[in-house]
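Comments concern the structure below.
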Amino acid sequence: MAEVRRVPMSEADPYLLFGLLGKQVIHPGGRKATEELLGLAALALGQQVLDIGCGVGTTAIAMAKRFMVAVTAADVSADMLDRAIANVESAGVRDRVSVEAADICALPYADGHFDRVVAEAVTMFVDRQRAAKELVRVCRPGGMVLATEFFWRQPPTEEAREIFLGQVCPGMQLDKLDGWVRIYKDAGLSAIEVRSGPFEMMTPRGFIQDEGFINAFACMFRGLSRVAYLRKMAWLMPRISRAVPYLGYILVGGLKPATS
């Protein structure tokens with residue numbers, strides 16, 4: 001069974017922080033990347049889908065509501081799982097979305113269990129090769145694995161690299177575009193398709209595009225409502241702004257060969 005974790009605010013990464021503030025879209029590329037992912041996924045009624053690293057459940061809910069698929073939404077963060085459960089309940093899709101704990105590096109599912117496997121901004125926090133192989137393992141032959149990751153759109157300065165990987169997201173592993181493609185190809189995917197674009201999730205324009213004015217301002221209000229949030233935001237935002245010009249998102253989608 002996956003070890004579910006809670007971390008203090010002082011140790012929260014940007015994903016957890018914005019989840020706690022009520023942000024609904026918490027991955028590089030934002031809603032644009034998710035729409036691209038759904039466009040590649042060819043979801044259909046009756047399919048079984050795994051959304052690993054589901055965060056607050058936004059993509060899982062969208063898949064269930066729009067495509068009538070059955071979704072297993074899984075994460076290792078207790079705070080994210082709490083919010084995903086509440087959001088699934090509020091969206092009225094509890095009959096199609098199950099929320100549970102699972103570790104991307106040791107998925108508790110049988111080989112070939114899912115028709116589609118989705119991972120938005122997850123593998124870059126862990127052993128990437130091991131995680132990619134797990135995603136492919138639990139996908140059925142002929143099914144698809146789709147993942148969204150950060151990547152360096154252009155070579156960062158040493159300062160930007162140290163700030164982002166050493167301070168903002170310690171332990172995260174980034175790569176160039178071809179490096180991410182190689183990881184998923186080596187894990188067993190074929191017919192790989194790639195989409196990419198700038199990282200705008202934490203820019204003012206991107207924040208409003210993803211959340212809409214009402215929730216964007218609600219997140220801002222919550223950020224000002226507690227000293228711990230305010231301190232974290234004041235520390236985070238100047239640092240992440242130094243890395244944004246060099247960052248982008250990559251969406252990798254591929255087939256698990258039917259003969260594997």
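Quick note: residue numbers are just sequence positions, from 1.
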**Message:** So for atom CZ, which belongs to R242, do other residues, nucleotides or ligands contribute more than 12 heavy atoms lying within a distance under 6.0 Å?
**Reply:** no

**Message:** So which atom in A131 and which in V126 form the shortest heavy-atom distance, rounded to 0.1 Å?
**Reply:** CB-CG2, 3.8 Å

**Item:** R94, CZ: over 12 other non-hydrogen atoms inside 6.0 angstrom
**Value:** no

**Item:** Closest heavy-atom pair and its distance - A119, I104
**Value:** CB-CD1, 4.4 Å

**Request:** Drop me the distance from S98's OG to D51's CG, to the nearest 0.5 angstrom.
**Result:** 10.5 Å

**Prompt:** Which is it for E36 and K32 under the salt bridge (Lys or Arg N to Asp or Glu O under 4.0 Å) test, yes or no, and what are the steps along the way?
**Reply:** CA-CA 6 Å; E36 291 174 336; K32 178 177 181 290; 2.9 Å; yes

**Message:** Keeping N87 on the side-chain end and V56 on the backbone end, is there a donor-acceptor pair under 3.5 Å?
**Reply:** yes

**Prompt:** In Å, rounded to the nearest 0.5 Å, how long is the span from CZ of F67 to CZ of R96?
**Reply:** 12.5 Å

**Message:** Checking R116 against L50 for the side chain to side chain contact (heavy atoms under 4.5 Å, CB included) test, could you report, in this order, the C-alpha distance in whole Å, the side-chain angles of both residues, the deciding distance, and whether it holds?
**Reply:** CA-CA 6 Å; R116 300 289 185 268; L50 173 64; over 6 Å; no

**Asked** Any side-chain donor-acceptor pair under 3.5 Å between Y184 and S190?
**Response** no

**Request:** Could you tell me which non-hydrogen atom of T157 sits nearest to which non-hydrogen atom of A160, and how far apart they are?
**Result:** OG1-N, 3.0 Å

**Item:** Residue pair G254 / L189: nearest heavy atoms and the distance that separates them
**Value:** O-CD2, 3.9 Å

**Asked** Transitively linked via ILVMFWY side-chain contacts under 4.5 Å: V145 with I52?
**Response** yes

**Request:** Would you confirm whether Q154, through its side chain, and P245, through its main-chain N or O, come within 3.5 Å as a donor-acceptor pair?
**Result:** yes

**Prompt:** Do you know the tightest heavy-atom contact between D75 and G55?
**Reply:** OD2-N, 2.9 Å

**Prompt:** What's the verdict on salt bridge (Lys or Arg N to Asp or Glu O under 4.0 Å) for E35 and R66, showing C-alpha distance, side-chain angles and the deciding distance?
**Reply:** CA-CA 12 Å; E35 288 303 316; R66 290 167 56 180; 2.8 Å; yes

**Message:** Ring centroids only, cut at 6.0 angstrom: are F164 and Y246 within range, meaning strictly under it?
**Reply:** no

**Request:** Kindly say whether D115 contributes a backbone atom to a donor-acceptor pair with the side chain of Q47 at under 3.5 angstrom?
**Result:** no

**Atom pair CE (M63) and OG1 (T58), whose distance is rounded to the nearest 0.5 Å** = 10.5 Å

**Message:** Could you tell me if Q48 and T72 have a donor-acceptor pair between their side chains, going purely by distance under 3.5 Å?
**Reply:** no

**Message:** Determine whether a donor-acceptor pair (N or O, by modelled atom type, separation under 3.5 Å) exists between the side chain of W180 and the backbone of F150.
**Reply:** yes

**Asked** For the side chain of R137 and the backbone of Y109, is there at least one donor-acceptor N/O pair under 3.5 Å apart?
**Response** yes

**Request:** Output, in order, the C-alpha distance, side-chain angles, deciding distance and verdict of salt bridge (Lys or Arg N to Asp or Glu O under 4.0 Å) for R161 and E159.
**Result:** CA-CA 5 Å; R161 180 187 295 273; E159 179 191 40; over 6 Å; no

**Closest non-hydrogen atom pair between L146 and L40, with its separation** = CD2-CB, 3.7 Å

